[in-house]
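Here's the structure, in structure tokens; my notes come after.
Hydrogens, waters and symmetry mates play no part in the numbers below; they use all other heavy atoms, side chains included.
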Amino acid sequence: MTITPYPGRNKLSVLVLGSPGLRIVDLTTGKVTDRVRTEDDTLSVQFSPDGAYVAVLRRDSGLEVRRREDHQRRVLGPLSTLGEENAYDRYRAVFLDDGRYLVAADNAVRIYRLGEPGHEDAYVLGAPVAGYADQYLLLDVSGDGKTVVHGAFEEPGTALALDPEVWSRELCRTIGHRAFTADERKDLPAGSESRPPCP
């Protein structure tokens, strides 16, 4: 069973795996006030704060976002990298206030503009080390999408600002505003080896 917020005063949504439909429950009465149709393979459902969109994680096809008024119109996905193995505690997703949707999973955070193809921004935390599936365990995302909390190798979570300018300043401070060594340049993404790291 998954229980998630619902865009309505004193209401939440309840999904019972293997049972058809999503139940909308009024917390003041404890009664089911509405039902929303879901597919049999639905693992979780998330509503945007304004109720205009619904994100559905399905076992067979992954995560997708649909416009609620026209449930057949998909505005994002399916993101097939998210499936049953990611259904619990392996990804975080949040509707942002400006019509975007953030998905943090595996070793990356991607921000999508609803209704447009591809991601708008992507932050890759690094290549996962073989044998460490939980190397980048994304624990939470701020409501504005500017910070994620991640844990590595089951250590306590660390807040990470999604701001490349901050990353660049911190890198330069850490390496003492020097050029990369030959060994360091070998580990850089393609095309960045020739650029000096610090102005």
Compare every heavy atom of [Y] with every heavy atom of [X], then report the nearest pair and how far apart it is.
| X | Y | result |
| --- | --- | --- |
| G143 | L96 | O-CD2, 3.6 Å |
| G145 | L102 | O-CD1, 3.5 Å |
| V141 | A104 | CG2-CB, 4.3 Å |
| P7 | F47 | CD-CB, 3.4 Å |

Establish, yes or no, whether a centroid distance under 6.0 Å links the rings of Y112 and Y101.
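Judged by ring-centre distance (under 6.0 Å), Y112 and Y101 do not meet the cut-off.
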Checking [Y] against [X]: is there a side-chain donor and acceptor pair closer than 3.5 Å?
| X | Y | answer |
| --- | --- | --- |
| Q46 | Y6 | no |
| T4 | S13 | yes |
| T181 | D183 | no |

State plainly whether one hydrophobic cluster holds both [X] and [Y], where clusters connect Ile, Leu, Val, Met, Phe, Trp and Tyr through side-chain heavy atoms under 4.5 angstrom apart.
| X | Y | answer |
| --- | --- | --- |
| I24 | V56 | yes |
| I3 | L27 | yes |
| V14 | L17 | no |
| L12 | F95 | no |

Would you list the pairs meeting ring pair (Phe, Tyr, Trp, His ring centres under 6.0 Å) in which at least one residue belongs to residues 14-43, sequence neighbours left out?
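Checked against ring pair (Phe, Tyr, Trp, His ring centres under 6.0 Å) - neighbours excluded - no pair reaches residues 14-43.
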If you apply the rule side chain to side chain contact (heavy atoms under 4.5 Å, CB included), what do you find for R9 with T28, and how did you get there?
CA-CA 10 Å; R9 187 177 171 94; T28 58; over 6 Å; no
Given R58, which partner from the list L63, D41, V45, L43 fulfils the side chain to side chain contact (heavy atoms under 4.5 Å, CB included) test?
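Testing R58 for a side chain to side chain contact (heavy atoms under 4.5 Å, CB included) against L63, D41, V45, L43 leaves exactly one candidate, D41.
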D140, V109, V94 screened by side chain to side chain contact (heavy atoms under 4.5 Å, CB included) with V148, the one that passes
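Among D140, V109, V94, the one that satisfies the side chain to side chain contact (heavy atoms under 4.5 Å, CB included) with V148 is V109.
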Within the distance-only criterion (no hydrogens, no angle test), does the side chain of [X] pair as donor or acceptor with the backbone N or O of [Y] below 3.5 angstrom?
| X | Y | result |
| --- | --- | --- |
| R74 | G77 | yes |
| T174 | E170 | yes |
| W167 | L162 | no |

Inter-residue atom distance [X].[atom1] - [Y].[atom2], 0.5 Å rounding:
| X | Y | atom1 | atom2 | value |
| --- | --- | --- | --- | --- |
| R23 | K31 | CZ | NZ | 15.0 Å |
| L22 | S44 | CG | OG | 10.5 Å |
| E165 | S168 | CD | OG | 6.0 Å |
| Y53 | R66 | OH | CZ | 13.5 Å |

Crowded around D40 CG? As in, over 12 foreign heavy atoms under 6.0 Å?
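At most 12 heavy atoms, drawn from other residues, nucleotides or ligands, come within 6.0 Å of this atom.
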Please check if the number of heavy atoms outside R178 that lie under 6.0 Å from its CZ is greater than 12.
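Above 12, so yes.
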Could you walk me through whether L171 and C198 pass the side chain to side chain contact (heavy atoms under 4.5 Å, CB included) check?
CA-CA 8 Å; L171 170 66; C198 304; 5.6 Å; no
Is V149 close to L160 at the side-chain level, that is, under 4.5 Å between some pair of heavy atoms?
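Answer no - side chains too far apart.
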Side chains of L15 and T42, heavy atoms from C-beta outward: is any pair under 4.5 Å?
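They are in contact (side-chain heavy atoms under 4.5 Å apart), so the answer is yes.
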If you look only at distance, which donor and acceptor atoms sit under 3.5 Å apart when one is on a side chain in residues 115-124 and the other is two or more places apart or in another chain?
| residue | atom | partner | partner atom | Å |
| --- | --- | --- | --- | --- |
| E120 | OE1 | R113 | NE | 2.9 |
| E120 | OE1 | R113 | NH2 | 3.4 |
| E120 | OE2 | R100 | NH1 | 3.1 |

Check this for me, if you would: do D26 and K11 make a salt bridge, where the nitrogen-to-carboxylate-oxygen distance has to be below 4.0 angstrom?
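Here D26 does not pair with K11 in a salt bridge, since their nearest N and O are not under 4.0 Å apart.
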